[in-house]
Amino acid sequence: MHIPDGILPASVCIAGYAIAVPVTWYSLRQINRLKDPTEELPKASLLTAAFFIASSINIPVPPSSVHLVLNGLLGCVLGYFAFPAILVGLFFQAIMFGHGGLTTLGVDAVMMGIPALVASHIFQFRHVFRQKLGEKLATNVFAFLAGALGLGLAAVIFFFLVITNIPSGFDAQTERAAVYGLSLAHLPLMLIEGTFTLLLVMFLQRVKPELIERRG
Amino acid sequence: MSSTERLSQTSNTLQQIQLALEIKKLCFCYPDEPNVLHEISLLVKAGERIGVIGHNGCGKTTFFRLICGVLKPNDGEIVVFGEPILPGDFRPEIGLLFQNPDDQLFSASVREDVAFGPQNMGLPPEEVDLRVQEAIALTGLQTLSHRPPHHLSGGEKQMVAIAGVLAMRPRVMLYDEPSANLDLRARRRLIQFLQRSQETLLISAHDLELILEVCDRVILMDEGRIVADGNPHQVMGNQELMERHGLEKPHSLMPHVDSHHG
Amino acid sequence: MSSTERLSQTSNTLQQIQLALEIKKLCFCYPDEPNVLHEISLLVKAGERIGVIGHNGCGKTTFFRLICGVLKPNDGEIVVFGEPILPGDFRPEIGLLFQNPDDQLFSASVREDVAFGPQNMGLPPEEVDLRVQEAIALTGLQTLSHRPPHHLSGGEKQMVAIAGVLAMRPRVMLYDEPSANLDLRARRRLIQFLQRSQETLLISAHDLELILEVCDRVILMDEGRIVADGNPHQVMGNQELMERHGLEKPHSLMPHVDSHHG
Amino acid sequence: MRFELDEYAYLDSPLHRWEPRFKLIGLLVLIFAFAFIKDLRLVPVVLAIAATLYFLSRMPLSFLISRLRYPGFFLLGVILLLPFFSGETVIWQWGVLTLRQEGVLAMLLVVGRFLAIITTALILMGTTPFLTTVKTMRSLGLPSLIADMTLLTYRYLYDIAANLSTMQQAMRLRGFGRSPQKKYLPFMPDLRELKLLASLAGTLLVRSYEQSERIYKAMRLRGYGSEKFKVHPVYAGPTSSPATLRTWSGFGLVCTLLIATGLVVAEIL
């Protein structure tokens with residue numbers, strides 16, 4: 001889910017950057033408050049690369065297959081590093097494969113990164129519900145929600161931007177209906193993304209719990 | 001059909017059963033690169049243990065990937081136990097052990113990892129269980145079967161990776177640098193394991209001493225060709241031949257080495 | 001101050017200059033685990049080349065990490081050229097080569113990677129350039145200096161990693177399994193490089209033949225203790241001692257090996 | 001997958017010699033000016049500028065074409081629909097197929113902008129070694145944490161991609177995804193497969209994380225983040241070019257800025 005160059009007018013592209021810059025600044029400020037930001041840098045960088053590569057895994061969904069976005073999972077694992085990580089990842093996708101583009105980098109980063117930050121906070125809610133649901137169930141429920149909503153939010157922003165910016169001759173109400181409709185059509189994908197996030201978090205809990213325990 | 005014809009057919013079949021691998025004029029190149037393998041031909045009898053030696057880039061790894069069908073040859077044919085390999089085929093009778101066990105282990109427990117292959121073969125659960133237990137016993141992993149493979153030592157990971165391939169009951173096993181990351185104890189254990197194993201073996205290794213201890217035949221490759229094929233002591237003992245192809249005669253084949261160092 | 005006192009001070013200084021490493025009763029354990037190192041004491045003279053052998057888990061890697069200050073000892077002291085190591089200190093005079101060169105080539109070009117250490121030492125740009133050129137020349141990487149590290153072969157990566165450490169002009173170099181991932185050609189080149197190098201060397205390796213060719217002293221470790229220390233031929237030639245600690249006598253030290261295999 | 005970004009970065013052309021900072025600012029401004037146009041008459045102008053720059057860069061045409069393939073397909077999907085569904089003025093009708101004028105025009109505009117921007121972006125990235133590009137962005141104000149992350153990510157992308165493809169090969173060799181007898185429900189991924197792919201992705205994360213711990217140790221030993229010495233940024237500043245080049249580079253920057261302003265003014269008028 002990337003918006004390529006040329007589709008959006010310059011004003012929207014600039015607005016994208018205008019939102020992405022302060023969000024980046026805020027993330028960096030939170031990162032600099034960590035005990036040792038220099039120690040986190042190599043971890044965040046390698047995980048960014050790993051997420052970037054992992055999103056190329058084909059998930060067979062008969063009769064075809066899909067790629068996952070993984071922005072919700074990225075939020076769960078990277079915390080405040082999620083936004084810079086997405087910025088860097090999208091930059092590489094734009095210049096290496098032409099997924100997205102340089103003018104739309106800001107827009108794309110907002111579209112994927114803000115849902116990732118939301119997902120990161122959703123995942124933290126597992127601590128609130130730990131007593132009620134039990135440690136394991138709480139983690140699983142919130143991992144699923146983080147993954148599903150990370151994708152869902154990104155889809156809503158994507159369709160909103162594309163439909164409102166493509167000259168269509170439809171009125172505002174039809175456009176709105178189209179945004180909701182197309183986003184709802186993403187429900188099955190949200191289920192898959194959420195399930196995948198849940199399975200992956202279960203795997204990490206078993207093999208390398210510190211990956212989801214660390215707070216960045 | 002005359003009796004002679006029938007007889008020759010039978011002996012043909014017998015011969016095919018005897019041959020684990022028939023490789024005919026195999027050629028391969030990557031796009032935009034000169035040939036990596038040139039007209040490799042090789043016959044391997046069932047039960048043979050063949051060492052494949054040569055310096056890095058001589059084509060060993062490519063050769064193995066062609067045999068197991070991961071890569072598609074540009075020309076030539078590979079026949080395994082009488083049936084030609086078609087690229088994309090799933091042929092559980094050929095097992096490949098990758099150089100780095102980490103490339104091959106991804107499940108959350110040793111047991112699950114070993115069960116992965118048999119499950120993909122569509123075997124019934126009892127059969128899967130049986131094979132997993134057998135492979136785990138063969139590799140001596142009983143005590144580790146519930147641990148995540150990611151937490152094991154290098155030597156243990158190697159054995160898990162081997163168990164994962166063995167559980168598919170391969171008849172030809174390809175080992176790519178099996179001792180590269182092992183310490184002497186784990187290497188010794190591996191050598192003993194290989195000496196006992198029943199499959200037809202192809203082992204590529206820089207560790208020439210391992211090949212001397214395990215194999216009964218050795219192939220020397222250089223620049224995508226087989227430049228020597230024969231008894232390990234004779235091929236590896238030929239200092240001039242080894243050095244011409246970027247290798248060294250193994251120490252154990254040098255008659256009086258102490259004087260070199262003394 | 002009397003002249004004798006002054007004399008004894010001078011000789012003390014002289015002795016300290018001579019000693020590259022003084023390790024006194026070093027103890028270390030990871031949390032929740034039994035001691036990994038027990039009261040290790042060791043004196044290393046400047047210019048010595050010491051091989052450190054022992055099977056995996058004997059404490060070699062931990063020992064190296066303590067010497068270069070990555071880990072903090074539970075007890076004991078490490079003095080490098082007269083100055084004690086404090087954990088967290090950045091001591092460019094001690095260089096460590098990691099087992100996997102990919103772990104230590106983290107820059108986008110060879111030149112950049114070699115410059116990383118000198119830049120962090122706060123040297124002026126001309127001095128950085130000088131050191132980079134020197135290290136690149138020493139390791140024979142002139143033609144590769146603008147290439148990204150991921151395009152290099154295993155042996156080339158290893159030499160870049162070495163150049164990156166040498167550019168900091170270490171006086172003690174610790175090599176952790178330097179030949180583990182090399183083919184015979186690259187290994188031969190490494191051995192020649194090590195034989196020429198001027199620093200005090202500590203080399204941990206499973207590759208005993210490499211240690212025989214490079215080192216003038218060997219330390220055998222087992223279960224966190226030094227169990228033998230001496231001439232490489234004597235220590236490694238002692239079959240009974242080697243086998244007791246999970247190792248094998250190197251083939252090149254066996255008098256008539258052909259009969260073993262023949 | 002073709003990863004190489006800067007395989008033609010060592011050619012010799014005016015664009016390669018252009019001082020990286022001036023080049024970055026000049027071409028980025030130009031790219032945004034391209035995104036700004038809405039007047040169809042400016043599309044040929046914009047395409048001509050991009051084509052001239054690409055010609056000047058002396059990079060082979062095949063490089064551009066190979067880069068256009070994937071985004072081209074994506075754009076094609078969006079664009080092919082526009083002429084049929086967008087707008088009111090019908091210019092051609094055949095059965096249910098209706099070609100609408102507004103849609104055609106919108107399509108031409110989007111395609112024109114897209115081609116011009118992507119070509120210019122390729123010139124920007126393709127004529128400068130990637131390391132220099134990132135250093136330049138840092139010297140122009142990109143936060144050093146993001147610059148360092150970019151370079152470290154770039155360094156290990158290739159390794160991690162190789163890990164993934166080897167692991168996928170290993171899975172296929174053990175029969176993954178090859179069992180034909182399995183019954184599939186449409187639109188429902190198989191849960192076992194999903195679980196295995198999640199452990200594959202998880203293993204990739206774990207391996208990368210463990211490697212990052214080793215890398216951090218290696219960086220520390222070479223003085224990264226040390227307090228004893230003056231703390232330098234991980235990667236040094238951009239290499240400066242001789243003064244004679246500066247004037248030409250400055251001239252180039254002024255020219256691009258003028259062209260960009262011209263485009264914007266023409267668009268507003």
Side-chain angles (χ1 to χ4, degrees), chain B residues 31-32 61 64-65 67-71 85-109 112-124 128 131 135 148-151 157 160-170 173-174 176, chain D residues 1-4 7-8 60-63 65-67 69 156-184 189-215:
Chain B
D32 314 322
T61 301
F64 277 16
R65 304 228 160 150
I67 298 179
C68 63
V70 170
L71 292 175
I85 293 270
L86 303 174
D89 257 13
F90 171 36
R91 294 286 293 269
E93 71 264 41
I94 314 159
L96 170 67
L97 190 88
F98 285 77
Q99 187 170 345
N100 183 352
D102 280 332
D103 285 333
Q104 192 162 340
L105 302 175
F106 48 84
S107 303
S109 80
E112 280 171 57
D113 216 289
V114 178
F116 175 77
Q119 277 167 356
N120 286 328
M121 290 165 74
L123 299 172
V128 171
R131 289 195 176 198
H150 306 72
H151 295 179
K157 279 182 186 176
V160 179
I162 293 177
V165 183
L166 288 186
M168 298 162 72
R169 298 220 181 120
M173 271 294 281
L174 313 172
D176 194 1
Chain D
M1 266 200 275
R2 275 186 76 169
F3 267 161
E4 286 323 308
E7 55 185 314
Y8 295 110
L61 199 60
S62 57
F63 185 51
I65 291 168
S66 74
R67 288 301 153 133
R69 205 168 296 146
Y156 287 102
L157 265 184
Y158 301 86
D159 288 7
I160 296 173
N163 286 349
L164 176 67
S165 91
T166 316
M167 287 170 71
Q168 285 181 317
Q169 248 175 28
M171 286 176 85
R172 276 197 298 276
L173 277 177
R174 283 161 74 193
F176 185 66
R178 285 189 183 169
S179 36
Q181 68 269 48
K182 194 179 284 157
K183 286 186 282 295
Y184 283 110
D190 179 75
L191 196 63
R192 175 175 174 264
E193 258 179 26
L194 205 59
K195 193 177 161 207
L196 288 165
L197 289 171
S199 14
L200 172 69
T203 303
L204 205 63
L205 293 184
V206 171
R207 285 178 73 175
S208 309
Y209 181 76
E210 285 173 347
Q211 189 175 20
S212 79
E213 288 177 324
R214 296 192 299 269
I215 292 167

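Residue numbers start from 1 in every chain, and the chains themselves are labelled A, B, ... in the order their sequence lines are given, proteins ahead of strands. Since the model is a prediction, treat every value here as computed from it, not as a measurement.
If you tally non-hydrogen atom pairs under 4.5 Å between each of D:Val206, D:Leu200, D:Leu196 and chain B, the highest count goes to D:Leu196. Counting heavy-atom pairs under 4.5 Å between each of D:Gln168, D:Gln169, D:Lys195 and chain B puts D:Gln169 at the top.
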Hey, mind stepping through B:Glu112 and B:Gln119 against side-chain contact (heavy atoms from CB on, under 4.5 Å) and telling me if it holds? CA-CA 10 Å; B:Glu112 280 171 57; B:Gln119 277 167 356; over 6 Å; no
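You'll find the side chain of D:Met167 stays beyond 4.5 Å of the side chain of B:Gln104, heavy atoms only.
Contact annotation for B:Leu105: only backbone heavy atoms (N, CA, C, O) come within less than 4.5 Å of a heavy atom of chain D. Contacts between B:Phe98 and chain D at a heavy-atom distance below 4.5 Å involve the side chain alone, from C-beta outward.
Distance check, rounded to the nearest 0.5 Å: CD1 of D:Ile160 to OG of D:Ser165 gives 12.5 Å.
Using a cut-off of 4.0 Å between Lys/Arg side-chain N and Asp/Glu carboxylate O, B:Lys157 and B:Asp103 are scored as not salt-bridged.
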